[in-house]
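Below is one structure; the comments refer to it alone.
The residues of the chain are indexed from 1 along the displayed sequence. In listed order, ligands and their atoms are each counted from 1. The figures here come from the full heavy-atom set of this structure, side chains too, leaving out hydrogens, waters and symmetry mates.
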Amino acid sequence: MDIDRKAFLDSLGGTEGVARMDHEARADALESHMMSELNSAIAAKKYPTAAEVEEQIETRSYRAGVGFMMVSRSGELVKRLAPMPERPMLADFFRLRFADTAHHCLQSANLAMKNGMSEEVVLACLLHDVVQEIMRTDHGWWGAQLFEPYVSEKVAFAIRYHQTLRYYADQSVGYEYPELYRQLFGGDYVPPPYIEATYQMVRKHKWYMEPRMVAVNDLYAFDPNVIVTIEPFEDIIGRHFKQPREGLGFDGSPVAHMWRTIIRPDQPL
Ligand SMILES: [Fe+2]
Ligand SMILES: [Fe+2]
């Protein structure tokens with residue numbers, strides 16, 4: 001590392017200051033100076049700019065919004081999927097289809113439960129990101145739509161708006177803007193106007209705390225040592241999720257095709 005000699009000496013009180021220090025104190029001062037220089041170098045270079053993130057678009061063979069089950073980001077071949085029961089229930093999707101999102105959602109729901117959240121918030125946490133299997137862009141809205149016929153309005157509200165609230169800190173509940181977003185969107189990223197307008201609306205809404213609590217319990221990194229299964233949530237699902245008798249995808253609801261897409265993503269048309 002290059003040391004700016006004059007700046008370093010000035011920080012110690014100039015040559016006179018240094019003359020008063022013994023050898024060990026000088027070595028300590030040099031080390032702490034180098035550490036703080038290193039920290040500011042890391043801080044300055046840590047995040048891409050939003051423009052740099054934009055430049056990455058043409059380096060990929062897929063669009064960033066495509067769902068996890070639809071494309072292999074690592075370039076590996078996709079695997080043949082296990083067959084689903086004739087009348088699939090929500091838990092079957094967790095076991096057989098939500099390969100990339102189930103851990104994250106189960107762990108978020110587990111955390112929400114441990115934090116004493118209401119059953120509706122726990123359910124919203126359990127469901128909040130699974131739609132990213134088929135679509136990631138605006139996943140709050142897609143996710144709410146996927147679940148709307150089967151959950152309360154409040155749960156759908158929590159799912160829809162958790163995406164927006166992720167961009168806005170709320171110190172009252174200890175929620176900070178995520179580090180990951182600086183890496184993903186760029187250090188200087190500003191959410192688009194529709195997200196800002198949505199935030200202003202949700203902030204004043206009587207149900208503001210529902211999506212906010214999903215954001216608070218939303219985990220970025222899951223702990224590989226903690227394996228959470230769907231079983232602890234079966235009771236909450238039973239009380240708050242209206243499972244259609246015909247199975248998800250076959251109940252003739254306005255979103256049945258979305259479920260069938262998850263069941264058969266290899267179907268070309
Ligand atoms: Fe999300
Ligand atoms: Fe999440």
Side-chain angles (χ1 to χ4, degrees), residues 53 63-71 73 90 93-94 97-115 117-148 151 154-170 173-186 189 191-192 194-196 198-199 201-203 205 207-224 226-230 232-233 236-237 241 255 258 262:
V53 170
R63 301 215 180 264
V66 70
F68 289 117
M69 76 185 320
M70 295 302 186
V71 67
R73 283 163 172 73
L90 181 63
F93 286 87
F94 271 89
R97 287 296 181 274
F98 299 156
D100 282 277
T101 55
H103 279 305
H104 166 69
C105 289
L106 286 163
Q107 294 217 354
S108 296
N110 188 41
L111 182 64
M113 215 179 214
K114 271 204 227 150
N115 287 338
M117 296 291 120
S118 69
E119 293 196 344
E120 282 177 304
V121 167
V122 172
L123 181 64
C125 286
L126 183 69
L127 307 178
H128 79 287
D129 277 342
V130 298
V131 82
Q132 290 194 42
E133 295 288 348
I134 49 171
M135 179 53 78
R136 301 186 67 208
T137 307
D138 265 339
H139 71 280
W141 278 270
W142 281 86
Q145 187 179 6
L146 180 67
F147 290 113
E148 224 148 26
V151 298
K154 208 190 252 183
V155 171
F157 186 93
I159 298 169
R160 178 168 289 116
Y161 298 120
H162 88 274
Q163 175 203 336
T164 298
L165 296 192
R166 294 293 259 144
Y167 297 104
Y168 299 90
D170 184 343
V173 288
Y175 181 80
E176 305 277 354
Y177 183 82
E179 281 289 292
L180 178 78
Y181 279 21
R182 293 188 221 279
Q183 287 161 19
L184 271 183
F185 300 108
Y189 179 76
Y194 78 92
I195 292 284
E196 173 65 25
T198 300
Y199 170 65
M201 181 280 286
V202 176
R203 189 77 194 84
H205 198 282
W207 288 344
Y208 165 69
M209 273 300 160
E210 307 291 314
R212 176 52 81 193
M213 283 302 131
V214 176
V216 166
N217 290 285
D218 200 346
L219 292 160
Y220 281 111
F222 70 86
D223 182 348
V226 180
I227 303 295
V228 185
T229 63
I230 192 77
F233 306 104
I236 290 180
I237 293 170
F241 189 93
V255 300
M258 292 169 77
I262 300 170

Does Cys105 bring an N, O or S atom to under 2.8 Å of the Fe ion (ligand 2)? no
Is the Fe ion (ligand 2) less than 2.8 Å from an N/O/S atom of His104, whether that atom is in the backbone or a side chain? yes
To the nearest 10 degrees, how large is the angle at the Fe ion (ligand 2) between Asp218 OD2 and Asp129 OD2? 140°
Do you see an N/O/S atom of His162, backbone or side chain, under 2.8 Å from the Fe ion (ligand 1)? yes
I'd like to know whether the aromatic ring centres of Tyr167 and Phe185 sit less than 6.0 Å apart in this structure. yes
Is it the case that the ring center of His205 lies less than 6.0 angstrom away from the ring center of Phe157? yes
Return the orientation label for the Trp141 and Tyr194 ring planes: parallel under 30°, perpendicular over 60°, tilted otherwise. tilted
Parallel under 30°, tilted from 30 to 60°, perpendicular over 60°: which one fits the rings of Phe94 and Phe98? perpendicular
